[in-house]
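What follows is a single structure, written as structure tokens, with notes after it.
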Amino acid sequence: MERINASSAASGSSSTAMVQREFIVKEVTDNSTNITRPMVIKEYKKIGEGAFGSVFQATLRVYNNNNYDSSQPWLGPFAIKKVPAQTDYKSRELELLRVTDHPNIVKLRYFFNYPNKKDYNKLYQHLVMEALPSTLQAEIKRYRLSETSLPLELIRVYAYQLANGLSYLHSYSIAHRDLKPSNILVDPQDRSLKICDFGSAKKLESNAVSVAYICSRYYRAPELVVGCQIYTTSIDIWGYGCILGEMIVGMPIFQGKDPYDQFREIIKLIGPPSHDFYSRFVTAEAATELYKFKGSKKTRSFEKMFGSVVNAEGVMLLKRILRYEPEKRLTAAEITHDEFFEALEAT
Ligand SMILES: Nc1ncnc2c1ncn2[C@@H]1O[C@H](COP(=O)(O)OP(=O)(O)OP(=O)(O)O)[C@@H](O)[C@H]1O
């Protein structure tokens with residue numbers, strides 16, 4: 001049934017990449033038709049690695065009782081994300097990817113469960129998604145290495161699409177909860193952008209408790225840093241502001257050395273929070289830690305940090321996003337209408 005490390009060249013749309021593995025899966029579900037049928041999977045190189053799984057480039061073909069039936073075209077290339085399958089509860093990532101449908105959200109094409117290559121007793125969930133050639137993290141790094149920042153026009157194009165994708169998610173109360181440049185796929189050729197990695201995403205109910213320890217440190221909203229468990233989709237808006245800032249300066253704008261030091265970094269740019277913020281969001285445990293930063297002051301300015309790359313509108317947009325109080329941050333829909341995007345060429 002399975003060939004591993006086959007050295008044949010990939011056919012069809014996947015050019016001459018080396019096939020790492022080829023296998024037949026009896027039950028592959030097509031996400032758009034809901035039809036489940038056997039398919040042949042050809043895996044090529046690994047294109048991503050995360051905390052929970054890995055992502056491979058792959059092509060798929062319908063299996064008609066004969067693996068060599070060449071009348072069936074190879075479909076793809078796709079990106080297959082493999083994570084250990086949940087046995088006792090439904091995978092939120094799969095459930096959310098199944099229902100989302102937006103140009104700025106990565107599209108799920110097929111899904112199936114299949115054992116791990118190294119441990120045949122362990123089932124892995126395979127999410128077959130449309131593949132994009134790069135991430136925003138790689139793009140930011142590429143420009144940093146050439147000692148420039150992303151061109152203003154490109155910042156606008158990406159920032160607009162990111163706000164558009166978030167606006168769609170938030171209209172269904174879905175919080176991504178792990179927004180960061182490596183979870184944003186881009187195609188530098190056509191300048192398209194899609195949000196990926198729904199492994200932490202959740203549909204938030206109002207006033208319901210959710211875990212505070214989510215989201216990567218540099219992109220965590222202040223209310224998460226201080227342990228607040230009742231939060232809204234505006235945690236993603238904070239992350240959005242951090243990413244917009246990072247596109248401008250070429251590196252993360254708040255680089256805390258530990259979870260609470262993150263707060264000190266935030267204070268440096270936006271000053272200390274109000275009493276209202278403390279009384280509404282800070283847990284007793286966090287209050288003890290934050291006491292160490294009593295007297296920390298604002299030492300940076302938005303204008304100095306971002307003004308040389310973006311115009312006054314860009315600086316103003318960041319100021320209206322990076323706010324302590326979640327309800328004072330712009331919403332994703334408001335961001336898409338911000339005057340910073342007025343200069344965007346119609347594409
Ligand atoms: N559809 C895709 N097309 C191209 N590359 C992808 C795609 N999906 C994921 N990747 C690549 O794989 C990497 C890891 O994917 P993803 O973030 O979904 O996995 P993860 O295990 O949740 O990672 P992490 O723990 O870092 O959040 C991405 O940063 C990206 O480089």
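Everything quoted here is computed from the prediction, not taken from an experiment. Counting convention: from 1, in listed order, for ligands and their atoms alike.
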Which atom of Ser296 lies closest to which atom of Arg264, heavy atoms considered: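 Minimum heavy-atom contact is OG-CG, 4.1 Å.
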Closest non-hydrogen atom pair between Tyr44 and Ala58, with its separation: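 Minimum heavy-atom contact is CD1-CA, 3.8 Å.
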Quiz item: cation-pi between Arg92 and Phe198, 6.0 Å / 45°: no
Sub-4.5 Å side-chain heavy-atom contact between Leu166 and Thr233: no
Partners passing ring-ring contact (aromatic ring centres under 6.0 Å, His included) against His337 (at least two apart in sequence or in another chain):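 Listed in chain order: nothing, the list is empty.
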Would you mind listing each N/O atom of ligand 1 next to any protein N/O under 3.5 Å, plus the distance?
| from | atom 1 | to | atom 2 | distance (Å) |
| --- | --- | --- | --- | --- |
| ligand 1 | 1 (N) | Glu130 | O | 2.8 |
| ligand 1 | 3 (N) | Leu132 | N | 3.2 |
| ligand 1 | 17 (O) | Asn183 | OD1 | 2.9 |
| ligand 1 | 17 (O) | Asp197 | OD2 | 3.0 |
| ligand 1 | 18 (O) | Lys81 | NZ | 2.8 |
| ligand 1 | 19 (O) | Lys81 | NZ | 3.4 |
| ligand 1 | 22 (O) | Lys81 | NZ | 3.1 |
| ligand 1 | 22 (O) | Asp197 | OD1 | 3.1 |
| ligand 1 | 22 (O) | Asp197 | OD2 | 2.7 |
| ligand 1 | 25 (O) | Ala51 | N | 2.8 |
| ligand 1 | 27 (O) | Asp197 | OD2 | 2.6 |
| ligand 1 | 29 (O) | Ser182 | O | 2.7 |

Heavy-atom neighbours of Arg320 CZ exceed 12 at 6.0 Å: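 Counting neighbours around CZ of Arg320, 12 or fewer heavy atoms of other residues, nucleotides or ligands fall under 6.0 Å, so no.
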